[in-house]
Amino acid sequence: MAFFLAQILNGLANASALFLVASGLSLIFGVTRVVNFAHGSFYMLGAFIGVTLMEMLPGHVGFWGAILLTGLAVGLIGAIVEMIVLRPIYRAPELFQLVATFGVILVIQDLALMIWGAADRMGPRAPGLRGVVRLWGEPIPKYDLALIAITPLVLLGLWYLITRTRVGILIRAATQDREMVGALGVNQAWLFTGVFALGSALAGLGGALQLPKGGADLLMDFNILGPAFVVVVIGGMGSLPGAFLAAILISVLGVFGVTYLPQSTLVLMFVVMAIVLIVRPYGLLGREEVAGEHGQVGRPEPPIRPYGQTARLVVMALVGALLLLPLVAETFVQILVIDIVIFALFAASLHFILGSGGLVSFGHAAFFGGGAYAAALLVRHASAPMEVAFLLAPLLAGVLALGIGWFCIRLSGVYFAMLTLAFSQLVWSVAFQWRSVTGGDDGMISIWPAAWLSDTTSYYYFTLLFGIGGILLLRHAIHAPFGYALRAGRDSPRQAEAMGIDVKRIQLAAFTLAGAMAGLAGGLFVFAKGSVFPTELEIARSFDALIVVFLGGVKTLAGGVVGATFLTGVEDWLSRLQYWRLLLGLLIIGVVIVAPEGIVGAVRGAWMRWRGSAPGLKSKGGAAT
Amino acid sequence: MTEILRVERLVKSYDGFLAVNGVSFSVAEGELKALIGPNGAGKTTCFNMLMGQIRPTSGDVFLGAERITGMRPRRVWRKGVGRTFQITGTYQTMTVIENVQMALLSHHRRLFDLRSRAWKLFRGEAFEFLRIVGMAEQADRPCSELAYGDLKRLDLAIALTHRPRLLLMDEPTAGMAPSARVELMRLVAEIVAEQGVSVLFTEHDMDVVFAHAHHIMVLNRGELIADGDAAAVRRNPKVQEVYLGGGTLFAAEDANA
């Protein structure tokens with residue numbers, strides 16, 4: 001019993017930092033609608049800045065003063081990031097901002113590496129709170145008790161700020177109706193900056209507060225991101241008391257998970273999130289999302305048309321060039337093109353549901369990795385010939401997508417995204433922990449293609465055939481009645497329903513098709529590499545696809561393919577440099593600011609202006625973007 | 001005359017507030033019937049319960065002899081009910097004609113077709129519907145560029161595609177210029193006469209209502225207070241109370257007529 005109570009206290013202490021990070025994330029999302037991936041980076045910055053300040057400032061005043069100063073410093077950094085990176089792109093398509101915040105993650109990672117080095121830092125002990133007290137005979141760190149006391153105080157402070165002050169009224173009003181608040185004469189830009197700074201400061205405080213328990217390291221940003229999103233979603237996006245409850249729930253469950261069911265730790269919180277979302281689609285204390293809130297903001301995309309003569313010739317010339325490439329190029333170029341085509345197909349499959357369906361999936365890697373694993377498992381455990389395994393990969397990935405989609409399609413917007421994320425984490429943890437079957441984190445190796453495909457050039461043509469074939473199939477589907485029905489359900493679900501379209505069924509079918517195509521890419525991948533590891537199922541892989549779709553342009557048809565080609569090419573070139581993440585991050589942020597409609601969107605815009613402009617201005621218009 | 005729609009003691013309660021309180025009426029075949037009432041009377045709620053956008057708290061809706069209470073909109077549509085909305089929800093990223101083609105694709109059950117090119121299918125048929133509402137010249141414009149009145153006409157064309165038996169029109173002329181209103185309602189009246197479709201519509205513009213509706217129902221605070229022809233509704237003291245606070249404008253009009 002005593003042990004049990006001590007466990008609960010431990011969980012409550014862990015909840016402290018998690019709540020601080022999650023409450024900031026929740027505030028930022030509630031007001032600005034930005035899904036801030038970089039929030040974990042602010043948490044990490046808080047930890048490193050906190051360590052540095054604590055080393056400089058002595059004693060009690062120094063320790064607590066350092067924590068407060070850290071909050072201020074990270075808040076300031078947040079404000080600067082918001083002004084430089086986010087302010088120019090609030091008018092961009094919904095969720096486009098997350099690409100920019102992804103760029104911020106990369107930049108902060110390398111900056112932290114430059115400034116503080118790669119070594120982990122031990123956090124200093126809090127003066128006066130070293131050692132333990134004995135409660136029910138169990139040793140409880142004094143600092144844990146301090147954290148347990150601080151968290152409700154922070155909640156109380158935030159509650160006072162939100163419900164009792166003028167700023168709080170504005171924040172709440174903006175959470176419910178941004179445009180109205182703007183119409184009432186409130187300077188939205190500064191409100192957004194202020195909220196972003198406040199949210200970042202909370203993350204920074206969280207990072208500094210947990211120092212005596214956890215220290216500082218360069219993996220903190222991604223490690224906190226998952227739990228923080230889970231907490232925000234379980235609590236209900238935008239609800240602070242919800243985030244508080246959920247932080248406690250997740251932390252306490254986490255502590256018990258470690259004790260009683262160690263293999264559950266990686267996935268426990270995602271299971272909880274999936275259950276909560278299935279039972280309560282808007283989280284514990286969240287409100288129902290207003291229809292259209294997550295619709296496409298900004299200019300509606302122009303009506304789609306299959307490519308005209310010119311564009312078709314360009315595409316055919318490109319394909320022709322790819323076909324001739326092995327005659328001139330060395331093996332490593334062929335391998336690079338194989339990588340690009342596989343990634344392009346994966347991105348195109350996500351783009352299909354995201355662009356035409358308006359379904360933002362955060363867990364698409366489940367089907368890419370799922371296809372790869374399906375093929376590898378068939379080869380390893382059923383001794384299936386490569387050809388059979390390869391053909392079954394998209395099929396099995398499709399079945400997986402059908403099952404996962406059945407749960408997810410009922411939700412919409414960010415909640416849909418989060419449930420797909422939860423399911424993809426489930427799939428990942430199965431691959432990671434079922435060692436006897438999947439090999440765990442050692443993955444599965446020596447999964448090679450059949451003899452007739454064993455040399456690189458043969459596999460190159462094989463990849464071209466299925467990769468480009470898959471991409472063309474998806475494009476064809478977009479122009480087919482099915483694709484139109486999918487877009488109808490995205491543009492106006494009410495109207496679609498009132499003309500006999502079963503929107504959810506169409507969406508589920510599209511989700512399944514996209515899953516199958518991602519699985520096809522996975523099948524190509526596993527035989528190209530000869531191996532598969534759980535990393536192919538990770539959140540990071542899902543985000544890769546998401547990033548390139550937005551980078552290429554959501555409201556265009558070629559966006560996924562172009563974005564994937566661009567990023568793979570650039571990465572291949574940049575990753576030879578030492579601080580390549582910094583450069584890649586800056587490049588992503590640059591593209592996002594210069595071309596808020598994505599690369600293809602910007603090129604299309606330039607092309608339209610060029611054709612529409614007076615002859616004398618032609619060259620100028622063409623060079624504008 | 002046979003009934004196409006019969007509504008029995010329809011009730012919608014929101015936490016005890018009765019938005020629609022025991023409404024019963026029917027629409028005859030080939031009839032153009034108006035449902036009027038002040039803002040907040042429950043007209044749109046009523047409409048939403050007829051087609052299934054909202055599930056009624058109690059009461060029944062019959063289409064012909066079939067009970068359709070609480071049926072999903074898409075199923076009610078398949079049974080031959082068309083609908084236009086107070087605020088149009090046309091597909092912004094499609095052209096005008098593609099909006100009509102979409103409805104035809106659904107009507108011809110081609111939604112899961114992965115092979116054809118959607119924009120080539122039923123184009124001629126869609127063009128005919130656009131011609132009926134006078135939108136043929138704008139067929140290939142992006143829907144997002146249309147003027148509001150044109151969106152309303154497009155909405156009507158879409159609602160006609162599956163040759164409905166009953167058309168529900170929620171404020172078909174709201175937000176349109178007065179001349180355009182008269183024109184649109186004349187068009188609707190023509191369609192009723194030619195195709196034998198029944199129409200139930202809500203409207204704020206009394207000129208439109210009294211000029212075209214065969215019968216008029218008046219809804220106030222969720223209750224039906226009148227149901228009859230134009231003259232009877234004008235004379236109804238309850239209606240005068242609601243619209244004029246007991247004034248005599250209708251009476252004066254009657255005297256003039």
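Labels below follow one simple rule: chain letters A, B, ... track the order of the sequence lines, proteins then strands, and each chain is numbered from 1. No hydrogens, no waters, no symmetry mates; every other heavy atom, side chains included, goes into these values.
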If I measure from the heavy atoms of chain A, does B/L114 come under 4.5 Å with its side chain, its backbone, both, or neither? both
Applying a strict 4.5 Å limit to non-hydrogen atoms, the region of B/M102 in contact with chain A is both
Is there any N or O donor on one of chain B and chain A with an acceptor on the other under 3.5 Å, and could you list each such pair with its distance?
unit_1	atom_1	unit_2	atom_2	d
B/R74	N	A/E497	O	3.2
B/R74	NH1	A/E497	OE2	2.9
B/R74	NH2	A/D502	OD2	3.2
B/W77	NE1	A/A498	O	3.4
B/R78	NH2	A/G500	O	3.1
B/I87	O	A/R494	NH2	2.6
B/G89	O	A/S492	OG	2.7
B/Y91	OH	A/A496	N	3.2
B/Q92	N	A/D491	OD2	3.4
B/T93	N	A/D491	OD2	3.1
B/T93	O	A/R487	NH1	3.2
B/T93	OG1	A/R487	NH1	3.2
B/T93	OG1	A/R490	NH2	3.2
B/T93	OG1	A/D491	OD2	2.7
B/E98	OE2	A/R305	NH1	3.0
B/E98	OE2	A/Y484	OH	2.8
B/S106	OG	A/M499	O	2.5
B/L111	O	A/F482	N	3.4
B/D113	O	A/F482	N	3.1
B/R115	O	A/H476	NE2	2.5
B/A118	N	A/H479	O	2.8
B/D155	OD1	A/Q495	NE2	3.4

Interface moiety of A/L486 toward chain B, non-hydrogen atoms closer than 4.5 Å: neither
Decide if atom CD1 of B/I87 counts as having more than 12 heavy atoms of other residues, nucleotides or ligands within a radius under 6.0 Å. no
Can you tell which of A/P481, A/A477, A/P303 has the highest number of heavy-atom pairs within less than 4.5 Å of chain B? A/P481
What one should report as the nearest heavy-atom pair of B/A118 and A/A480 is CB-C, 3.8 Å
Which value, rounded to the nearest 0.5 Å, describes the distance between A/I501 atom CD1 and B/L105 atom CG? 8.5 Å
Which bit of A/A488 comes within less than 4.5 Å of chain B, counting heavy atoms only: side chain, backbone, both or neither? both
